[in-house]
Structure formats: C-alpha cells, structure tokens
There are 2 protein chains.
Amino acid sequence: MAIEPAGGRVTVHDLARAAGVSLATIDRVLNARPGVRPATAARVEEAIARIGFKRDMTASMLARARDIRLAFILPEGTNQFMTKLAEAVETIGAQARAERVVFDLDRIRSIDAQALSDALDALDADTYDGAAIVAIDKPAVHAAVARATGRGLKIITLVSDLPGSARRAFVGIDNAAAGRTAGSLMGRFCPQGGKIMLVAGSMGLIDHAERISGFRSIVSSEFPAVSVLGPVEGQDEFTLTYERTLAFMGEHPDIVGVYNVGAGNAGLVMALTEAGLAGKVRFVAHELTGPTCAGLNSGVIDVVIVQSPEDEIRAVWAAARRLVLGPDAAPPESPIEIKVFLRDNLR
Amino acid sequence: MAIEPAGGRVTVHDLARAAGVSLATIDRVLNARPGVRPATAARVEEAIARIGFKRDMTASMLARARDIRLAFILPEGTNQFMTKLAEAVETIGAQARAERVVFDLDRIRSIDAQALSDALDALDADTYDGAAIVAIDKPAVHAAVARATGRGLKIITLVSDLPGSARRAFVGIDNAAAGRTAGSLMGRFCPQGGKIMLVAGSMGLIDHAERISGFRSIVSSEFPAVSVLGPVEGQDEFTLTYERTLAFMGEHPDIVGVYNVGAGNAGLVMALTEAGLAGKVRFVAHELTGPTCAGLNSGVIDVVIVQSPEDEIRAVWAAARRLVLGPDAAPPESPIEIKVFLRDNLR
DNA sequence: ATAAAAATGAGGTACGTACGTCAAAAATGC
DNA sequence: GCATTTTTGACGTACGTACCTCATTTTTAT
C-alpha cells in the first residue's frame with residue numbers, strides 16, 4: 001500500500017489553478033507577504049487542504065535568496081556541558097549547512113547578563129534570522145530579547161528558559177522530571193532505606209534547584225525509609241566539590257547514596273574513593289562527560305541522567321526552521337528526552 | 001566565530017575550475033557514472049578536499065529525476081511492536097516525503113520466509129531504490145536478498161539482522177547490551193539478593209535469547225546473591241503468558257523480581273496482581289506499548305527498556321540516503337539507542 | 001600509422017519555489 | 001463618479017545539481 005498517490009507531485013501551479021488565483025497570490029499567501037485580502041487567503045488555504053499541497057522544502061530552500069542564519073550565544077569556559085554544547089553546534093552545524101542552515105557560534109563570559117544583552121543587541125537582523133541563547137533570568141536580558149524580537153529576530157532559549165519573555169521557543173529538558181527520575185532510581189536502589197547525600201553546584205541555579213525539588217518530592221512520597229541530606233554546594237568545581245563532600249561524608253559516614261545534580265563529578269569520585277565508599281554507595285550523576293563516563297565504567301557511578309547536546313541543537317535547528325519558514329518546515333516540536341545511562345547501554 | 005567562511009557557497013562550477021576539468025566530468029565523478037580515468041577522478045577528489053566542496057543536497061534532491069523510493073516489508077498482525085513500527089513508517093514517511101524520499105509499506109504474513117522472499121522478488125528495481133525488511137534467517141531469504149541486490153536494490157535489515165547476507169545495512173539495537181542493562185538495574189534493585197523470574201516469548205527468537213544471555217552474564221558476574229529462574233516462555237501472547245507465569249509464581253512465591261524480554265506484559269501484570277506481588281517485586285519489561293505504559297504509571301512495572309520505532313525508521317531513512325546518494329548525503333550511522341524509561345521520564 | 005574505443009568538453013533543459021517588476025483590475029474613500 | 005489605494009495577475013530570473021546529447025580530443029589496440 002503506497003502512502004501517497006502515485007508519482008505526480010502537487011506543485012504551486014496546481015494550487016494556483018485549484019484556488020483560481022495567480023502564482024503571485026499563492027506566493028504571497030505561502031510566504032505571508034502583505035497585500036492579500038483575507039477572503040482570498042482563505043480560498044487559498046482551502047485549496048491547500050483540498051488538494052493536499054505540501055511545500056517542497058527541497059525547492060524552497062534552494063530558491064531562498066539567503067540561508068537561514070542562526071547565532072548561538074553560549075557561556076564560555078568552566079562548564080564541560082557547555083563545551084559539549086558548543087561542539088554539538090559545530091557537528092550538527094556541518095549537517096545543517098548542507099541544507100542551507102548556517103550556525104554561528106558566539107561565546108560570552110559566563111553568567112553575565114550584560115554580556116548576553118550586548119551580544120543580542122549586536123545581532124544584525126539583516127544577517128541573522130534568529131539566535132539561540134542560554135538565558136539568564138535578569139531584566140536586562142528580558143529587555144534585550146524584546147529588542148531583538150522587535151527587529152524581527154526569532155529568539156530561542158536553550159537549556160535555561162526565560163519564561164514570560166518574548167522568546168519564541170524553548171529547547172531543554174524538564175529538570176523536575178529529571179530529579180524525579182533520579183529519585184525513583186535511588187529509592188529502588190535502597191530498599192532498606194538510609195541517608196542520601198545531595199550535591200549541587202549552587203541552589204541559585206534554577207535547573208539545579210528544580211532537580212533537587214523533583215528528587216525530594218519522589219523520595220518523600222514514595223520511599224519514606226530514605227532520608228535526604230544536604231545539598232552540599234560545590235560551585236560545579238573540582239576542588240570545592242571534593243573538599244566539601246569529603247567533609248560532609250566525615251560527618252555522615254553511613255550514607256548509602258549520592259545524587260549530584262551538577263558538575264564537579266571528578267571531585268566527588270575522588271572524595272568517595274578517599275572515604276572508602278566508592279562502589280559501596282549508589283551514585284546518580286548528570287551529563288555524560290569525561291568523569292561521568294569514567295565513573296560508569298569503573299563502577300563508581302551507577303546511573304547518569306542525560307540531556308543530549310546533539311538532541312538539543314537539532315531541536316533548535318528544527319525550531320528555527322519552523323519559526324522562519326512556517327510550521328510545516330520541520331516535524332512538530334517534542335520535548336527533549338531525559339535519557340538514562342548505565343555502563344551497559346552507553347553508546 | 002563563524003563556522004564556515006562568509007557567504008559564498010562552493011559550487012560544482014568552482015570545483016570544475018579548481019580541478020581543471022569540465023562540469024560533465026565533475027558530474028561523472030560525483031555520481032559515479034562510468035567513463036572517467038582513475039587519474040582524472042583522483043584530481044577531482046583532490047580538488048573536492050582542497051576547496052572543501054560539499055554537494056548541496058537541497059539542489060541535488062530537487063534535480064533528481066525521481067524520488068528515492070523505499071519499500072518497508074513488515075510482518076503483520078500479532079506483534080504490537082510491529083504495529084508501532086508500521087505507524088512510524090507512516091509518521092516519518094510524511095516528513096521524508098517533503099524531502100523527496102517516499103516510503104511504501106507492505107505487510108506480509110508473520111514469520112513466513114516464503115512470503116518475505118516473494119515480496120522481495122516482486123520489487124521492481126525501476127520503481128524502488130531499496131527495501132527495509134525484518135529479516136528471517138532462512139536460506140530462501142538470503143537468496144532473495146541476493147537476487148534483489150543483483151537487480152540493484154539496496155536491502156536494509158531492520159530490528160532483526162541477516163548476517164553474512166548481501167544486505168547493505170542493519171538498523172536495530174544491541175540486544176545483549178539491552179539484557180545487560182536490565183541485569184544491571186535488577187541487580188541494584190535487589191541488593192539483598194533473591195530469585196528473579198525470566199519471561200520470554202520464545203527462546204527460538206534470536207533477540208529474546210540474546211537479551212536473556214546478556215542479563216544472565218551481568219547477574220552472575222556482578223550480583224551473585226541474585227539467582228535467575230526460567231525463562232518461562234509465553235509466545236508473546238496474553239493468555240499463555242498469564243497462565244504460565246502464574247503457575248510459575250505458585251511454585252516460587254518468593255521471587256523478588258521479574259524480567260520479561262518479550263511481549264505479553266498485560267498477561268504478566270494480571271498474573272502478578274493475582275499473586276499479590278504487583279508492586280512488591282521489581283519488574284523490568286521491554287518496549288513502550290499500552291500495557292507497559294499503564295504498568296509504569298500504576299507502579300507495577302519499574303523500568304521499561306526501549307528501542308524507539310521512530311529512531312529506527314529515521315535510521316533507515318538516513319541509511320537509504322547514504323546508500324543511494326553517497327556517504328555524505330546523511331550523517332554517519334550511529335547505533336540505535338537503548339533507552340531506559342521510568343514513570344518519571346516518560347515523555 | 002590507422003582504426004576503434006574511451007575519455008572529456010560544451011551546452012542545454014529541468015526540478016519547484018522565491019522574489020522581483022510592472023501593469024491591470026478591483027475595492028475604497030470622498 | 002472620480003481619484004486613490006489596495007489587491008491581483010503576468011512573467012521573468014535565480015538557486016545548484018542532475019541528466020541528456022553531441023562533438024571533439026585522447027588513449028588504446030592492431
């Protein structure tokens with residue numbers, strides 16, 4: 001059974017004939033250009049539905065005068081996850097370029113609302129169709145997003161959202177659900193109950209706070225024998241995480257599990273090893289990085305919960321196509337998956 | 001920092017100039033047409049690398065006289081996973097069609113090597129570029145794949161492979177790794193040890209056997225306190241699975257976990273409920289279907305291990321592009337992910 | 001050296017849409 | 001009803017590659 005009728009493709013010419021208008025009018029409707037009466041536009045829409053016209057993206061992209069151009073504004077330095085995001089921008093960008101979607105990468109000082117705002121203001125609407133930003137929830141950023149949107153740029157928030165702003169799409173995971181997933185696993189890992197040590201970069205980071213909140217809610221409601229301690233805040237840094245978690249384990253030598261919602265896993269692994277608890281307590285971490293992969297393979301880390309940078313960049317790509325070319329230009333958006341990796345299903 | 005040099009695109013014209021040959025020769029090399037001396041082809045390849053020419057897939061697909069046409073030959077009926085695969089063929093097919101890749105769906109009698117062989121023989125090489133089949137490891141199928149390949153068709157095996165045949169690609173998961181993943185989870189769920197009941201459709205099915213083998217190897221090497229019983233074979237059917245697992249639990253009322261590598265989860269849930277064990281034993285199942293989703297939400301099933309039909313169809317799509325248009329026509333193949341779902345990270 | 005075969009060049013058309021220009025028709029305000 | 005604005009039509013070019021034909025050059029076999 002063929003999914004579509006035989007060979008013939010339905011083109012704009014067929015559509016023009018079916019709607020009883022000229023090609024020029026079809027073009028105006030399809031590309032949302034001005035100068036079409038609502039009644040005429042409705043006739044075209046009706047004809048589109050009636051004859052099942054689908055814009056040929058292949059020809060559409062070819063005929064477009066210029067590529068879709070997207071700026072990625074990412075924080076630089078410290079965070080290994082951001083480095084992976086940046087790598088994914090290059091990797092996926094190479095694929096997108098073959099389909100005439102070009103990514104530019106701009107790295108700014110970390111957690112600096114002014115730098116982000118400046119970078120947004122510097123975007124030329126004649127060069128760029130839009131930008132993807134890792135948002136910081138500050139008034140200056142809201143204002144810059146509003147200004148950019150006013151210039152016709154489509155702003156997409158990535159990983160960290162900016163609710164209530166003029167941003168046109170958000171790409172990222174549900175961090176509370178990620179925390180609940182960690183809690184469900186940890187609870188099942190510890191049927192006899194016990195103490196769990198929470199570790200975070202900073203409770204000032206929204207995603208960290210949301211994960212901890214999700215973790216707590218599941219554990220308290222479904223695993224009453226388990227108690228949750230902390231969080232220990234290590235600023236996502238190696239040394240600080242090492243020192244503070246080691247000290248914490250000194251005070252609580254009877255912990256049965258560790259959940260780290262942030263980075264700094266290398267320091268945590270070292271602290272666990274030093275405390276003689278490596279492999280003896282269950283350990284759930286986030287993001288596949290050098291330390292977490294090593295931890296999985298050595299058996300110190302049991303589970304890593306992952307938001308795939310590649311998935312996210314691909315989702316930004318699709319969102320940009322939808323925003324610039326219309327809703328049919330890419331498959332409808334679906335939430336970014338929360339992936340669960342053990343040593344055994346690591347790619 | 002821009003990922004690629006400014007605006008100008010490198011076209012076949014630039015390539016012809018750089019290689020010192022005509023457009024016709026470029027075309028012959030790019031599309032593997034005959035009539036080019038190896039020395040000339042080498043010069044072109046060198047120029048491609050030197051100036052960084054990338055074929056514009058957008059224009060390439062547009063200029064192709066005909067679409068890429070792919071037949072999906074899937075077993076019909078019984079298996080709910082196959083139904084989901086078929087749905088994914090339609091869903092992803094709608095997206096692929098916009099990029100001039102057309103899927104046709106052909107459903108044949110289940111586990112019938114002759115029907116599969118006949119369906120392959122019926123494929124016209126002038127109409128189709130290739131086919132994706134859920135392979136059955138029988139000589140008749142090997143021969144039919146060889147004949148189809150001889151006619152110029154690209155055969156891709158899906159879910160179930162046909163090693164040693166003329167098939168050009170395989171799309172599916174590593175079932176031993178899936179079993180190991182299940183074993184790792186189950187072992188951590190049962191730190192105090194205990195008996196695990198294995199359930200399968202049939203040990204005659206290669207994927208089922210591989211999963212069980214992977215499960216056993218992990219449990220025996222890493223969780224010696226856990227013992228593995230079974231497998232109980234339920235033919236992937238509701239009633240048979242219900243009856244046999246219920247009887248088995250009568251003989252072993254002290255099991256602490258269940259791992260079902262196949263279908264029939266509705267019957268298993270019913271048996272567990274009747275035995276008063278629902279929610280009291282850890283339960284790992286495969287594939288997101290009606291019964292497994294319900295089981296996750298009700299708390300009877302703890303974890304579902306998943307191969308995504310959509311991922312697999314998309315991978316077939318990419319493989320077909322690579323086989324028909326060349327290696328650059330799609331991102332390089334990557335293994336199908338083994339996904340782990342709990343109630344909390346269910347989409 | 002000559003004939004045959006193979007390799008290469010030159011140039012065109014086609015794919016379906018985007019986007020421009022200019023004129024003609026229709027709707028609108030007064 | 002007239003002038004003005006808005007809407008619509010007609011038509012052409014461009015995008016980058018595929019694929020075709022035919023002439024011409026180069027290589028290979030004899």
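Lettering of chains follows the sequences in order, A, B, ..., and the numbering in each one begins at 1.
- Side chains of A:Gln114 and A:Asp118: a donor on one and an acceptor on the other come within 3.5 Å.
- Each of B:Arg33 and B:Ala59 was matched to the nucleotide of DNA chain D holding its nearest heavy atom; the match closer to the 5' end belongs to B:Ala59.
- Taking every side-chain heavy atom of A:Ala63 into account, C:dA18 is the closest of C:dC15, D:dT8, C:dA18.
- Between D:dT17, D:dT8, D:dA18, one nucleotide has an atom nearer to the side chain of B:Val12 than all others, and that is D:dT17.
- Between B:Thr25 and C:dG9 there is a side-chain N or O to OP1 or OP2 distance below 4.0 Å.
- Each of D:dA10, C:dG16, C:dA7 was ranked by its minimum atom distance to the side chain of A:Ser22; first place goes to D:dA10.
- No donor-acceptor distance shorter than 3.5 angstrom exists from the side chain of B:Asp27 to the backbone of B:Leu23, with no hydrogens or angles considered.
- Counting any heavy atom pair closer than 4.0 Å across all strands shown, A:Asp56 reaches sugar-phosphate atoms only and no base atom.
- For B:Arg100, the listed nucleotide lying nearest its side chain is C:dC15; candidates were C:dA18, D:dA18, C:dC15.
- Between the side chains of B:Arg55 and B:Asn31, at least one donor N or O lies within less than 3.5 Å of an accepting N or O.
- At distances below 3.5 Å, not a single donor-acceptor pair connects side-chain atoms of A:Ser60 with backbone N or O atoms of A:Asp56.
- Taking a 4.0 Å limit (strictly below) on heavy-atom distances, residues 42-50 of chain B does not reach DNA chain D anywhere.
- Out of D:dG16, C:dT17, D:dT17, the shortest distance to the side chain of A:Phe53 is found at C:dT17.
- OP1 or OP2 of C:dA18 sits under 4.0 Å from a side-chain N or O of A:Arg55.
- Not one side-chain nitrogen or oxygen of B:Thr11 sits closer than 4.0 Å to the OP1 or OP2 atom of D:dG16.
- A donor-acceptor contact shorter than 3.5 Å links the side chain of A:Arg100 to the backbone of A:Met61.
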Please write out the pairs of protein N or O atoms and N or O atoms of nucleotides 25-28 of chain C separated by less than 3.5 Å, giving the distance to one decimal.
none

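- With rounding to the nearest 0.5 Å, the separation of CD in A:Gln95 from CZ in A:Arg314 is 5.5 Å.
- Closest to the A:Ser60 side chain, of the nucleotides C:dG16, C:dT17, D:dT8, is C:dT17.
- Here CZ of A:Phe103 is found 11.0 Å from CD of A:Glu90. Values are rounded to the nearest 0.5 Å.
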Check nucleotides 21-24 of chain D against the protein and report each pair of N or O atoms closer than 3.5 Å, with its distance, or say if there are none.
none

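- Under the 4.5 Å side-chain criterion, counting only non-hydrogen atoms from C-beta, B:Arg147 is not in contact with B:Leu120.
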